[in-house]
Protein chains: 2
Amino acid sequence: MSDTDELLSIRAAELYYEENQTQDEIGVILRLTRWKVGRLLASAKANGFIRIEIVHPRARRLPIERRLRESTGLTDAIVVSSAGVSSDAELQSRTAQAAADYLTSLRPIPRTLGISWGRTLHDVSLHLKQGWAPGVNVVQINGGVSLNQRTGTAASTAVTIAHKADGSATLLPSPAIFERLETKQAMEADRTVAGVLALARNAQAYVFSAGQADANSALVDSGYLTVAQIDDLVTRGAVGDVVGRYIDQNGRIVDPELNERTVGIQLDQLRRAPLTIAVISGRSKHAIARAVVRNGLCTVLVTDEDTANALLQD
Amino acid sequence: MSDTDELLSIRAAELYYEENQTQDEIGVILRLTRWKVGRLLASAKANGFIRIEIVHPRARRLPIERRLRESTGLTDAIVVSSAGVSSDAELQSRTAQAAADYLTSLRPIPRTLGISWGRTLHDVSLHLKQGWAPGVNVVQINGGVSLNQRTGTAASTAVTIAHKADGSATLLPSPAIFERLETKQAMEADRTVAGVLALARNAQAYVFSAGQADANSALVDSGYLTVAQIDDLVTRGAVGDVVGRYIDQNGRIVDPELNERTVGIQLDQLRRAPLTIAVISGRSKHAIARAVVRNGLCTVLVTDEDTANALLQD
DNA sequence: GGCGATCTTGCTCTCTTGAGCAGCGGCCAC
DNA sequence: GTGGCCGCTGCTCAAGAGAGCAAGATCGCC
C-alpha cells in the first residue's frame, strides 16, 4: 500500500473508531468514495494498526486458545486476558476464576473429581459458586499439608469444593512425602488410605495445579522439602512439581527415590485419564507449564495470556 | 446491568471482536437473540470494556482534541497518540510531524510565518516536505543562538522551513538576551534589526515551542542563562519560557528586567495575533503547556496525548 | 395482593457495511 | 506502437447492525 494510503487509512480509522462516523461521512470528509474508505479501514486492520482489547477480569483470549489447542493437541484451553493486570496475584486470581467457570460448565458433570492442593486450588475453591454442581464427590489425589501452621489447607480446599457442590469430600489422611519408604508403604497398606487412593485413581476428572521448582514451593513452605533439596532437584533438571512429584522438561521424574516416598496418584495415571485439568499461571510457572502440556499430563489447560504465548513460542 | 449480563457481554465481545462472528452467530452460541447480543455489545462498549486503539506514529486522538478545544477555547488542537511510544524523543518526533502536517494543510497559506527556534522547531523543519507551501516568507521572531558551537541552529531552522516552501527566510541577527539593556536598545535601533522585528510583528501566523524552566533549557545550553539564574526564576514562579521570555503559571513575565534585555516580539503581540501555533510535548513541559494555553498565548496547540490529558485535568 | 411505573424483550424497518464483479487505466514485453 | 496482464475503482446486491416501538415481564409501593 502506498504511503499516502497508509496515512489516509489512519485518518479514516480515527474518524471511524474514535468519532463514530459512518464510512459514507468519512468519504465526504476525506473526499473519497465510501468503498475506498471501507478498503482503507480493512487495510488498517490488516496492517495491525487497529488494536482491539477487551479489558475485563473475566475476559478470555479465544484466538490464543485456538492456537494452543491446535499446536499442542489439548482438548481444551482456557486463556485469560492479562490486559490491565498489574500484579501476579491478580493474574492468578483471574485464572482461578476461569478454572472455576470451566468446572461449573463441565458436561457431563463428573461424579468423582480428583483434586490436588495448593494456593491455586484453594483460590479456585473460593471462586466456585454455591451449587456449582449437584453432588460431586471430591477426592484428594495427593498427600496433604500437615506439618505446620498451614495444616488443613489441603483438606479445606477439598471440603470447600465439595460443600459448594452439595457433595462429599474424601480426604487423603497422609503427609505429602514420607521420610522413610517403609513408613509410606505401611501407610498405603492401611485399608482406609488404600481405599482413598483407589477412589482417586478412578476419578472421572482431575483438577490440579503445578509448582515451580524454587524456594517458594508449597512443599518447602509446608516443610516437606528443604531449600537445599529443591536446589539439588533443580540441578538435576527439575522445572517444577505436579501432585508433589518433581519432573524435568521432558516430563520425567527427576528423583525416583523421592518419588517413591511421595503419596498420591502416579503421573502415568494422570496421563491415562481422559479429563485432566491443569490450572497454571504466572511468570514463574512458564517452564513447568510447558513440561505439563508437552508431556501429556493434562488434557485441558487453564492459564494466562503470557504463559500461553510462551507455550506458543516453541 | 446485572452481573450475568456483564459476563455475557464479555463472552459476546470475545466472539465478536476476536473471532469475527456475526451477532447472529453469537446469538446461536450463547442462546440469545441477535438483538440481545447487539445490546450486550453496546453495553460492553458503554462500560469501557472494549478498548480500541490506533497504533501508528501518525495517529491522532480526535476526541481529546475536541474536548481540549471545548474546555480551553483554542481554535484548534492537534493531539498525537502516545500508544506504543517508548521514549520521550519518539513522542516529540511524532508531535513535530503532526505540526509539520498541520502547517502543510493550513489554508489560507500564510504569506509571512513567524517562527521561534529550538529543538522542537528544528524537528518540525525536518519533517516538512519539500514544497509544503509555495513561497512563504519565514521570519525569525526572537533572538537566536550564537554564543557557542550550536551557532546557526536558529538560522538553519528558519532557512530550512523557508527553503522547503520555496520561499525566503528573514533572520534576526541578534543574540537572544543581551547582558546590558543599553546594548539591546542600540541593537533594536539599527534599521536592519528594526525592520526584521517589524516584519515579525506583522506575520500572519506564528509557530513556536516553549521551554521548561530547568537546567536543560536551550537558553542554558546556548549560554544565555546560567543554571543559577534558572533556579532563581523558578523560585520566583517561572514554569518555562516562550520565545525566550520566562512566565509563571498565570502567564506573567517573571523577571521584567530580564525580559527587557530579551530580543524578539512581545508576548502581548502573540496574544493579539489571530493564528499562533504552539508545539509543545513531553512530560517535562506539562506546566509550561498549561501556562501557554490558559493565558491565551496560542490559538492552536500541537501536543501529545499525555500533555493534553494533563491540561484536561483542571 | 393489586396496580402503576419501569425495564426488558423481540420485533420491523432502515441504515450501514462487505462481497463480488465489470470496466478502466497503467504497465510491461515484444 | 500494440496486445495482454494486473491492479484499482466504483458499482450492484445481499448481509449485518442499529433505531425505534409495542407487548410482556418485573418491581416497588401501597
Side-chain angles (χ1 to χ4, degrees), chain A residues 1-56 58-63 65-66 81 101 104-105 129-131, chain B residues 1-56 58-63 65-66 81 101 105 129 131:
Chain A
M1 191 179 47
S2 81
D3 206 49
T4 65
D5 263 17
E6 179 170 322
L7 190 50
L8 272 177
S9 76
I10 297 303
R11 295 277 95 81
E14 288 160 1
L15 294 165
Y16 192 72
Y17 291 106
E18 303 204 318
E19 298 285 74
N20 296 313
Q21 309 243 28
T22 69
Q23 299 186 3
D24 228 354
E25 292 169 321
I26 297 170
V28 172
I29 294 171
L30 301 181
R31 291 152 201 279
L32 302 166
T33 61
R34 70 184 184 80
W35 297 284
K36 177 74 178 171
V37 173
R39 288 183 181 114
L40 286 172
L41 288 171
S43 78
K45 254 192 182 166
N47 284 309
F49 298 151
I50 313 298
R51 176 183 292 156
I52 301 184
E53 225 177 20
I54 303 173
V55 189
H56 193 279
R58 304 287 276 270
R60 283 164 52 185
R61 302 301 319 275
L62 304 187
E65 293 182 0
R66 181 151 27 81
S81 163
D101 290 346
T104 305
S105 67
K129 277 226 184 97
Q130 187 63 43
Chain B
M1 193 176 46
S2 83
D3 206 48
T4 68
D5 263 17
E6 180 170 321
L7 190 49
L8 273 177
S9 76
I10 297 303
R11 296 283 153 262
E14 288 161 1
L15 294 164
Y16 191 72
Y17 292 106
E18 302 204 319
E19 299 286 76
N20 296 313
Q21 309 243 30
T22 68
Q23 299 186 2
D24 230 353
E25 292 170 320
I26 296 170
V28 172
I29 295 172
L30 300 180
R31 292 152 200 280
L32 302 166
T33 61
R34 71 181 185 82
W35 300 283
K36 176 74 176 173
V37 173
R39 289 186 181 110
L40 286 172
L41 288 171
S43 78
K45 254 190 182 168
N47 284 311
F49 298 149
I50 313 298
R51 177 184 291 156
I52 301 184
E53 226 177 20
I54 303 172
V55 188
H56 193 281
R58 305 286 277 269
R60 284 165 50 185
R61 302 301 320 276
L62 304 187
E65 294 182 358
R66 182 151 27 79
S81 163
D101 289 346
S105 67
K129 279 227 184 96

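Sequence lines set the chain letters: A, B, ... in the order given, protein chains first and strands last, and positions in each chain run from 1.
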Exercise. Using a 4.0 Å cut-off on protein heavy atoms (strictly under), produce a 5'-to-3' string for nucleotides 12-21 of chain D with B for base contact, S for backbone-only sugar-phosphate contact, and - for none.
Key: B---SBB-B-

Could you state the atom-to-atom distance from [atom1] of [X] to [atom2] of [N] in whole Å?
X       : N      : atom1 : atom2 : result
A:Glu25 : C:dC15 : CD    : P     : 13 Å
B:Leu40 : C:dG10 : CG    : C1'   : 14 Å
A:Leu32 : D:dT9  : CG    : P     : 9 Å
A:Lys36 : D:dT9  : NZ    : P     : 4 Å

Partner set under side-chain contact (heavy atoms from CB on, under 4.5 Å) for [X], not counting sequence neighbours:
X       : value
A:Glu25 : A:Gln21, A:Thr22
B:Gln23 : B:Tyr16, B:Val37, B:Leu41
B:Arg39 : B:Trp35

Would you be so kind as to tabulate the donor-acceptor pairs closer than 3.5 Å made by side chains of residues 48-55 of chain A, with sequence neighbours excluded?
none

Quiz item: Which heavy atom in A:Arg61 sits nearest to a heavy atom in B:Glu18, and how many Å separate them?
Solution: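 Closest pair (atom of A:Arg61, atom of B:Glu18, distance): NE-OE2, 2.8 Å.
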
Practice problem: Would you name the heavy atoms of A:Glu6 and B:His56 that are closest together and state the gap between them? | Solution: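 Where A:Glu6 meets B:His56 most closely, the heavy atoms are OE2-NE2, 2.6 Å.
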
Exercise. May I ask you to test the B:Leu62-B:Arg66 pair for a side-chain heavy-atom distance under 4.5 Å?
Key: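 No. Closest side-chain heavy atoms not under 4.5 Å.
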
Quiz item: Bend across the helix from C:dG1-D:dC30 to C:dC30-D:dG1, to 10°, with axes taken over 5 pairs at each end?
Solution: 30°

Quiz prompt | Straight-line distance of A:Ile26 CD1 to A:Leu8 CG, nearest 0.5 Å | solution =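 Between atom CD1 of A:Ile26 and atom CG of A:Leu8 there are 11.5 Å.
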
